[in-house]
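Input: a single structure, listed below in structure tokens.
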2 protein chains.
Amino acid sequence: MDDPIFDFLSKYIDLTEEEKAIISDIKFVRSLKKGTILLRQGDTTNECFFILKGCVYSYYLVEGEIKVTEFFEEKQPITPVSYITKQPSEYYLECLEDCIISMGSPERTAELMQKVPRLALMGPMMLEDELASQRIKYDTFIKLSPEQRYLHLQENSPQLLERIPQYLIASYLGIKPESLSRIRKRLVK
Amino acid sequence: MDDPIFDFLSKYIDLTEEEKAIISDIKFVRSLKKGTILLRQGDTTNECFFILKGCVYSYYLVEGEIKVTEFFEEKQPITPVSYITKQPSEYYLECLEDCIISMGSPERTAELMQKVPRLALMGPMMLEDELASQRIKYDTFIKLSPEQRYLHLQENSPQLLERIPQYLIASYLGIKPESLSRIRKRLVK
DNA sequence: ATTTTTCATTGACCTGGGTTAAGAAAGCAT
DNA sequence: ATGCTTTCTTAACCCAGGTCAATGAAAAAT
């Protein structure tokens, strides 16, 4: 079993082959076209996601303008705030490429927990990890200038620069595409 | 029992008077002078905090410059990343006023859990809340200009503007004190 | 009370990012 | 291939926030 999902789960729990078989049996995978919207602002979602292949991004629409807050790639879980709070979502989730995504619903999660109770241990661990990385993300944003943020991204996630159109990178860095062009030009020297 | 700590706990669990008595018995409260540093960059902490009275702020020191990331007031828990990860802290925690703070250690937490097992249910709930509010904080910062962030703060946490020196507010908004002065002047008109 | 330190404001000038508009380059569909 | 659309770059101009320096006000220390 070399499913990316087990690669991810192994960070938290060592699963037996039997348990993996149960999970494979229950999991619900979908192929989605580029541009598919997984979650719309205003909608309340009952699903969380795990990316097997492809790339997803989250963004706000503020006065008609896209404000990107995150990119998600292979082996990353996506737990929308709306999934946790059961409140309407403030932001969108959209496929940036053709994607293969494992979808989680409360029902399937319950079934999983029932058949593989040890999985319940993962919840708080994942939450802790998420919280720590979310704080680091905020703090990094605060500490750095747009130019420094670009360098930081280049350093820490170079693959994103290959994969994602620059106008979305710019938005993610909190600037306009024109400014990112200028920053890149400046840095070449 | 009108201890602020029970006010806080009641958001998650209804405690019996008996349970409250046990908690009161175990909890460890300290009075701390303004300027006391609860956590220093580079130190790994074994303690988390709950503010009974006073105000605490967290900040990074970047090239000698303070970058404030959060203010904590009465009835707020503070769980340092370092407490979770057991890694050296990236930021400082300091008392902005004379404070009365309840200190949590792994030992006391374990004792609490043992004597009031239901408290364990709170952990994941608090984590979820923390995660949601941390995301909202990040997203708000990204979406708004410095001036809008000031208005947002005025709207949502006016008490902070009364309580906290402006140069720290400025840092929290991601700008210099001079700029905050100008923004305020602009807005008066 | 008085001195010292810290904090807030103001003004002059600088700079990096925003805006607008145009053209070039790269993807995509037919 | 050939258009059509999307994305990227460049240039000119504007402006909010940064920087530096001076002054004033308030708080702390003695």
Side-chain angles (χ1 to χ4, degrees), chain A residues 33-37 54-55 57 59-68 71 94-98 141-154 158 160-189, chain B residues 32-37 54-55 57 59-68 71 92 94-99 141-154 160-189:
Chain A
K33 281 275 161 220
K34 172 176 176 173
T36 303
I37 295 186
C55 186
Y57 69 120
Y59 60 94
Y60 288 76
L61 261 185
V62 186
E63 291 156 32
E65 205 181 342
I66 284 182
K67 303 268 185 177
V68 176
F71 300 111
E94 179 172 336
C95 297
L96 229 158
E97 307 171 356
D98 292 348
F141 197 91
I142 291 231
K143 281 193 296 191
L144 304 181
S145 67
E147 179 170 328
Q148 289 172 320
R149 294 202 280 269
Y150 178 74
L151 290 169
H152 186 262
L153 189 64
Q154 208 171 35
L160 288 179
L161 298 181
E162 303 298 315
R163 187 167 200 178
I164 292 168
Q166 259 176 58
Y167 73 102
L168 292 180
I169 297 278
S171 171
Y172 180 65
L173 297 174
I175 58 179
K176 302 284 155 182
E178 297 91 331
S179 298
L180 180 52
S181 266
R182 271 186 305 218
I183 287 174
R184 282 159 52 85
K185 195 176 168 189
R186 247 179 5 235
L187 291 174
V188 173
K189 298 178 199 155
Chain B
L32 301 169
K33 281 275 161 219
K34 171 175 177 174
T36 303
I37 295 186
C55 185
Y57 69 119
Y59 60 93
Y60 288 76
L61 260 185
V62 187
E63 291 157 30
E65 205 181 343
I66 284 184
K67 303 269 185 176
V68 175
F71 300 110
Y92 293 80
E94 179 172 336
C95 298
L96 231 157
E97 308 172 355
D98 293 348
C99 287
F141 196 91
I142 292 232
K143 281 193 297 191
L144 305 181
S145 68
E147 178 169 330
Q148 290 172 320
R149 294 202 280 269
Y150 177 73
L151 290 168
H152 185 263
L153 189 65
Q154 207 170 35
L160 287 179
L161 297 182
E162 302 298 315
R163 186 166 199 179
I164 292 168
Q166 258 175 58
Y167 74 103
L168 292 179
I169 296 278
S171 172
Y172 180 65
L173 296 174
I175 58 179
K176 303 284 152 180
E178 296 92 330
S179 298
L180 180 52
S181 265
R182 274 185 303 217
I183 287 174
R184 283 158 50 86
K185 196 176 167 189
R186 246 182 2 237
L187 291 175
V188 172
K189 298 181 198 151

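So that the names make sense, note that chain A is the first sequence line, chain B the second, and so on, each numbered from 1.
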Carboxylate-amine/guanidinium contact B:Lys34 B:Asp98, below 4.0 Å: no
Contact under 4.0 Å: A:Ser179 side-chain N or O vs C:dG17 OP1/OP2: no
Distance-minimising heavy-atom pair for B:Leu144 and B:Arg149: O-NH1, 2.6 Å
Interatomic distance where CD belongs to A:Glu97 and P belongs to C:dG27 [whole Å]: 14 Å
Nucleotide of C:dG11, D:dT10, C:dC28 approaching A:Lys34 most closely (side-chain heavy atoms): C:dC28
A:Gln166 side-chain N/O to D:dT6 phosphate OP1/OP2 under 4.0 Å: no
Sole residue of B:Glu147, B:Gln148, B:Gln154 in side chain to side chain contact (heavy atoms under 4.5 Å, CB included) with B:Tyr150: B:Gln154
Given DNA chain D, 5'-ward residue of the pair A:Leu180 and B:Leu180, judged by closest heavy atom: A:Leu180
Sugar-phosphate only, base, or nothing, as touched by B:Ile183 at under 4.0 Å among non-hydrogen atoms: sugar-phosphate
Earlier contact from the 5' end, DNA chain C, for A:Ile175 and B:Ser181: B:Ser181
Any donor-acceptor pair under 3.5 Å from A:Arg163 side chain to A:Gly54 backbone: yes
Nucleotide C:dG18, atom C1' - distance to CD of B:Glu147 in whole Å: 15 Å
Separation of D:dT10 P from A:Tyr167 OH (nearest whole Å): 20 Å
Sugar-phosphate only, base, or nothing, as touched by B:Gly35 at under 4.0 Å among non-hydrogen atoms: nothing
Closest nucleotide among C:dG18, D:dG17, D:dT9 to the B:Arg182 side chain: D:dG17
Separation of atom NZ in A:Lys67 from atom P in C:dG18, rounded to whole Å: 9 Å
Minimum-distance nucleotide to B:Arg184 side chain [options: C:dT9, C:dA8, D:dG17]: C:dT9
Length of the CD1-C1' vector between B:Ile142 and C:dG17, whole Å: 16 Å
Candidate pair A:Leu153 and A:Tyr172, rule side chain to side chain contact (heavy atoms under 4.5 Å, CB included), full reasoning: CA-CA 10 Å; A:Leu153 189 64; A:Tyr172 180 65; 4.0 Å; yes
Proximity to the side chain of B:Lys185 - top-ranked nucleotide from C:dA8, D:dG18, C:dT10: C:dT10
A:Glu63 CD - C:dG18 P separation (whole Å): 15 Å
Length of the line joining B:Leu144:CG and D:dA16:C1', which is rounded to integer Å: 16 Å
B:Glu178 side-chain proximity, nearest of D:dT19, C:dT20, C:dG17: D:dT19
Nucleotide D:dT7, atom P - distance to CZ of A:Arg163 in whole Å: 17 Å
